[in-house]
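These notes are about the structure you will find just below.
Lettering follows sequence order; numbering is per chain, from 1. What you are looking at is a predicted structure, and each value in this text was computed from that prediction instead of being measured.
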Amino acid sequence: MPHEEKIATPSAERPSTERDAARPGDERYDAQRVETKWAERWQRDASLYAAEATSDHTKAAKKKYYVLEMLPYPSGALHMGHVRNYSIGDALARYMWMNGYNVLHPMGWDSFGLPAENAAIQNNTPPREWTLRNIANMKAQMKRLGFAYDWSREVTTCLPEYYRWNQWFFLKLFERGLAYRKKSKVNWCPKCATVLANEQVVNGCCWRHEDTLVEQRELEQWFVRTTKYADELLSGLDKLDGWPEKVRTMQRNWIGRSEGTLVDFKLDYAENHKGFGPAGSTIPVFTTRVDTIFGATSVQLAPEHPIVKDLAAENPGLRAQVDQLIAEQRKAKEAGDIGEIEKHGVFTGRYAINPFNSERVPVWVANYILMDYGTGAIMSVPAHDERDYEFAKKYGLEIRLVILPMSGDPDETVAEPALPFVGHDGMLVNSGRYNRLACDEAIRVMSAYAEENKFGKATVTYRLKDWGISRQRYWGTPIPMLYCEKDGIVAVPEKDLPVILPEKVRVTLAGGSPLESVPEFVNATCPKCGGPARRETDTMDTFVDSSWYFYRYTDARNDRAPFDAKTAQYWFPIDQYIGGVEHAILHLIYSRFWTKFMRDLGMITNDEPVERLFTQGMVIKDGRKMSKNLGNVVSPDEMVARYGADAARLYSLFAAPPDRDLDWQDSGIEGIQRFLGRVYRFVVRNARPDHPEWGKPSPSDLAPAARAIQRKLHQTIKRVSDDFQGRWHFNTCISAIMELVNVLYGAEEAIARNEVPAPFLADVQRNLVLLLAPFAPYLAHELWEMLGEKGNLLKAPWPKFDAELAKEEELEIPVQVNGKLRSRVVVPADATEETVLERALADEKVRAFIAGKQIVKKIYVPGKLVNIVVK
RNA sequence: GCCGGGAUGGCGAAAUUGGCAGACGCAGCGGACUUAAAAUCCGCAGGUCCGAAAGGACUGUGGGGGUUCGAUUCCCCCUCCCGGCACCA
């Protein structure tokens, strides 16, 4: 019994009052000492978390696994949301390493953007300096937290080595007509002093400044033709079954595909026509219900419709009213309640011709018609549209029934429906030669008729708009375009990339782009004619950076291309992407677009960037989102200093399943700290680095105490492995490990009595450490070493589950009478149904409940439960 | 209005395929160790009622109904909370 003297007697090992920290044999877990020791070691070995080169892999049988967490904006310091996000990814990466995969687990910095400019203005620090300093700080935090990133692939989007490829992609987009310049109404955030894409406007406010109303401005802007892929972006969602349904739904809503028909209504000039009419004498209307067109009793125009402008120009009275409508609409839009606007309209005095029946209908302008959807004009069918019905009632417009609801029997007389009847299951009436057609059939026939007669056609409309990427800001990727007086818009030749963002720029939020005030940047030479040219001073939306950065990780130091096609093909798609749901539309839709674009460039072969997406819940405190304003922010640095990185990470995984919001409680992390200490103390007390080999005796060879440990160990291996492979409920993984540790503590007396063989105990401890390794890497490494293991824990094989060893020899079967729990019987695990029922019926308590009654039914669910039904 | 997600002890949560509701942890209570405290270890613990106790009865997963021997789990109806979309023609 060589280990006898090593067993600690509690009194000998208990730390005394003072100066206990440095005492030899101290059992208290000093997380700071252990964690800083390992952080330094890991720091020294850059290759530790490096993904293996793909060239080594064409022959190797190792499977790849690309796990990615959304890269952070370097705001200055990590917050708890980051810690949670990265703890999930890190646990997964470590688990996959231990399971023998070639893991790619990179990290980078989404480092262009407005906060750097604000900081520059406030602290007089250049954006570059501010950003790089923040990156250094956050990188140090990540290292201290022990995240296993392949830093050799670090991507920093604000550096020319990266953003030159944004410019390169822009040129490719431009060549293919996918980047274009257009004057249009754009969203303008006064606080950002720049425009925003539609996706970046939330409830009429800026996505970064939720209290700042977005204004509309007319500006020349660069757009990316995301709508070219609208259909594929939509249909591709069906195949993304590794994505949360919620995100897919959000994207579907955002794309907003709608099938319908365009129909031209001609303005009628028969009366009051002064020789030349308003620009565009036809009014194209978009409708999803062309089958109801015989019920159209007016045409409604958006107040900002160009024809309205012309009509108003001829009619000052109308103009005042239209201005009023525009104001109402704008106000409602800004307040974010355009949906609740009080319907209000004005008759223009003009009429338009319904091309299907040549009927003259009045043309109105209404505040609920939106210029930026469809054509900005509708045909109003009060009988079959709720909004039109409401409007018609208010202004006394005609309501004409043209659809009758279809009943089961087509020949049966149908009662007049309550109006408005908006159902699709009907047939046409009062519709000339289309009478008796079913709605869907009528839509087809009538669309075709319109197309044949050149006054309309079937069409598809999207809510999705092209992506406005111009930003009148300094800290972003310069758009590589030139304006030459002679040659117009000219692209910067590829060989002249990158267009370097100048460093010495006075950043202000006033006026246009700060770059305009840098003559050496603005003044350039036209590559076509050699004459003087003006450089584009807008920079790119920072969502361009994050749309393709994950490809760059596969080949981050390439200076001839964004990345090598073969290498990207090996790694893509990303097996698991993890981040907050706030990017469900913005980042994730742009990324999907970019992937399709790169595929069509022939750079990649995958259609989608991400196989599986996981959106983790928020970290909240006291029931509310953490924010500086509320003063409920928990700082990761403070948690690491007080409890250690392992505790902070483990708690963020333990407190709730990862997809739910996590309510941070300081007392909760203390419990985790206690648990880590418990694990540490057990191993310190029981480590036998010099143990002989564990020969794996069969269960019957072990004393009951040891056998109980073995059973629990294998049950734990199964639970932890299953949760990694299926749903990711790390909280239950950790609970399972806690239970194992509790069993080990319960066995300490048996261990002291030598009922647990030393080699077996060593094996159990090894497995315990392996199970803990993905969640608490510092403690796991420390204990691994303490157990005398020399190999790299990171790549040590994940414990293997053995069903035979996990099996219970005896089962406690609950016995119900009429569905109510009355007793329990202990039976051998392999007991037959007869035996179990016999025992159950023989049970004293059960007998008391069935006495004098008739047994109707006996139910036995093997291994689970007995239910005796009596009456 | 439409589409998701959710509601379980004092709190965070668990119950993975319809089978012991509350694992694990926090907070709490009791005990051990200590001169004492901290730390640590062990134990108790949904609620109500009966009982001195051991123990027992009833009840309990937002509310109501249903299916079933049996429902946190499946079906129908309703309430509340969170997120997204919304005169989208």
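When heavy atoms are screened at a 4.0 angstrom cut-off, A:D722 is found touching no nucleic acid atom at all. Heavy atoms of A:N867 sit under 4.0 angstrom from at least one base atom. Residue contacts shown for A:K820 are limited to sugar-phosphate atoms, with no base heavy atom under 4.0 Å away. In this structure, A:F849 reaches the sugar-phosphate backbone alone: every heavy-atom distance under 4.0 Å involves primed, P, OP1 or OP2 atoms, never a base.
Salt-bridge annotation for A:D231 and A:R257: present, with a side-chain N of the basic residue lying under 4.0 Å from a carboxylate O of the acidic one. Residues A:K246 and A:D659 are not paired through a salt bridge, judged by the lack of any N-O separation under 4.0 Å between the basic side chain and the carboxylate.
Rounded to an integer number of Å, the gap from A:N253 CG to B:C85 P is 8 Å. One interatomic measurement links the two molecules: CD1 of A:I669 to P of B:C11, which rounds to 22 Å at whole-angstrom precision. Per the geometry, CG belonging to A:L676 stands 17 Å off P belonging to B:A39, to the nearest Å. Rounded to an integer number of Å, the gap from CZ of A:F391 to P of B:A89 is 19 Å.
Listed nucleotides B:A27, B:A21, B:A13 differ in distance to A:L821; the shortest reach to its side chain belongs to B:A21. If you check B:A89, B:C69, B:C41 against the side chain of A:V869, the one that comes closest is B:C69. Taking only side-chain atoms of A:L865, from C-beta outward, the nucleotide of B:C88, B:C58, B:C20 with the closest atom is B:C20.
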A:F391 and A:Y368: ring pair (Phe, Tyr, Trp, His ring centres under 6.0 Å), yes or no, with the steps?
-> CA-CA 10 Å; A:F391 192 86; A:Y368 71 98; 5.6 Å; yes
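Remark: the separation of the C1' atoms in B:C78 and B:A7 is 14 Å, to the nearest Å. Comparing the C1' positions of B:G47 and B:G84 gives a spacing of 39 Å, expressed to the nearest Å.
Base orientation of B:G9: syn, since the glycosidic angle falls within 90° of 0.
In this structure, A:R463 fails the cation-pi test against A:Y373, since its NZ or CZ atom is not both closer than 6.0 Å to the six-membered ring centre and inside 45 degrees of the ring normal.
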